[in-house]
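Bear in mind that the values here come from a model prediction, so they are computed numbers and not experimental data. The chains referred to below are lettered A, B, ... by the order of the sequence lines, with proteins before strands, and numbering in each begins at 1.
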There are 2 protein chains.
Amino acid sequence: MPSALRSVRKATCQPTDPSHAGPDLRPVEGPAADEELAALTKAVGHPARVQILRLLVRREACVCGDIVDELPLAQSTVSQHLKVLKEAGLIRGDIDGPRVCYCVEPHALRRLRALVASL
Amino acid sequence: MPSALRSVRKATCQPTDPSHAGPDLRPVEGPAADEELAALTKAVGHPARVQILRLLVRREACVCGDIVDELPLAQSTVSQHLKVLKEAGLIRGDIDGPRVCYCVEPHALRRLRALVASL
DNA sequence: TCGGCATATCGTCTGTCTACGATAGGCACG
DNA sequence: CGTGCCTATCGTAGACAGACGATATGCCGA
């Protein structure tokens with residue numbers, strides 16, 4: 001049975017509650033902000049990773065296997081892209097039994113928006 | 001005489017007048033938008049290129065030599081980064097006699113902001 | 001027209017990215 | 001306690017990125 005026929009699994013993790021986090025106080029300019037902006041945009045700067053982000057935003061959360069099913073890439077490749085996004089702080093992965101449930105980090109996205117807006 | 005002592009040259013080019021351009025009608029989602037976002041963020045995703053963009057935004061326009069003076073990189077390296085930004089449509093280079101005057105493309109920045117905001 | 005300055009391009013080296021298959025490890029179910 | 005599924009990691013190969021010096025090009029001024 002091909003994996004494409006697998007059903008979408010229920011997502012168990014939730015994005016970080018943004019109500020606890022006030023506005024980001026870090027500056028949007030200066031050398032540190034430049035490095036941060038470069039690192040974030042570099043992480044986003046690949047079509048597969050953009051697709052993954054969109055998928056997670058649309059579905060709020062998503063099991064790794066579902067992401068693999070949506071992209072025309074090998075499982076190991078998708079896993080590497082997820083790792084890049086996670087190391088950039090843009091997504092989070094919660095272990096859910098035998099699976100891993102990924103979801104976006106809203107405050108990282110807001111930070112990215114703020115940095116891009118400062119350009 | 002070290003190049004660091006050169007004076008800043010007057011910029012002759014101006015950013016594209018944004019008043020002529022209405023809101024960008026292209027969609028901010030879908031496969032084409034994903035590719036576009038990936039290409040733009042990839043171009044921004046390097047510290048030197050972020051610095052160049054910031055420099056151009058701050059000064060509105062800037063001669064290539066001044067950019068070289070501001071960055072700890074060789075002239076050929078800076079020229080390559082400028083080329084990346086230009087091919088992504090983020091900046092424009094106007095020939096001003098023997099020099100080249102670079103300035104940002106405001107509509108490209110707005111487009112980038114819109115795409116990032118759609119995440 | 002010749003010389004010099006500003007910029008772009010070329011050639012090259014090194015390192016990182018991206019892709020894949022193969023393999024390892026962890027958890028649930030029987 | 002084994003077996004099977006899901007995911008991460010390893011190893012590898014090819015493509016790409018980033019840096020530099022050297023060189024080409026193009027424009028002014030003498």
Tell me whether the OP1 or OP2 atom of C/dA6 has a side-chain N or O from B/Y102 closer than 4.0 Å. no
Quick tally for nucleotides 13-24 of chain D: nucleotides whose base has a protein heavy atom under 4.0 Å get B, sugar-phosphate-only ones S, the rest -, giving ----SSBBBB--
Taking CD1 from B/I95 and P from D/dC27, how many angstroms apart are they, rounded to a whole number? 7 Å
Do B/V116 and A/L109 share a hydrophobic cluster (ILVMFWY, side-chain heavy atoms under 4.5 Å, transitive)? yes
Rounding to an integer number of Å, can you tell me how far B/I67 CD1 sits from C/dT7 P? 9 Å
State which residues pass side-chain contact (heavy atoms from CB on, under 4.5 Å) with B/S76; sequence neighbours excluded, sorted by chain then number. B/A74
Taking C/dC27, D/dT7, C/dT7 as options, the one with an atom nearest any side-chain atom of A/P98 is C/dC27
A/Q75: which residues meet the side-chain contact (heavy atoms from CB on, under 4.5 Å) condition with it, sequence neighbours left out? A/V68, A/S79
Could you check whether any side-chain N or O of B/R54 sits under 3.5 Å from a backbone N or O of A/E29, counting only pairs where one atom can act as donor and the other as acceptor? no
Integer-rounded Å distance: C/dA6 P and B/D66 CG: 10 Å
List for me each residue that meets side-chain contact (heavy atoms from CB on, under 4.5 Å) alongside B/P98, sequence neighbours excluded, and say none if there are none. none
Rounded to whole angstroms, how far apart are CZ on B/R99 and C1' on D/dG26? 14 Å
Between B/L71 (CG) and C/dT7 (C1'), how many Å, whole number? 15 Å
Got a sec, which residues hit side-chain contact (heavy atoms from CB on, under 4.5 Å) with B/K86, two or more places apart in sequence or on another chain? B/I91, B/Y102
Calculate the interatomic distance between B/D94 atom CG and C/dA8 atom C1'; express it in whole Å. 16 Å
Nearest-angstrom distance from the residue atom CD of A/Q51 to P of C/dT18: 14 Å
Compare side-chain N and O positions of A/S79 against OP1 and OP2 of D/dA8 and report whether any pair is under 4.0 Å apart. yes
Report the distance from atom CG of A/L82 to atom P of C/dA19, rounded to the nearest whole Å. 12 Å
Pairs satisfying side chain to side chain donor-acceptor pair (under 3.5 Å), at least one member in residues 40-52 of chain A, at least two apart: A/R49-A/H81
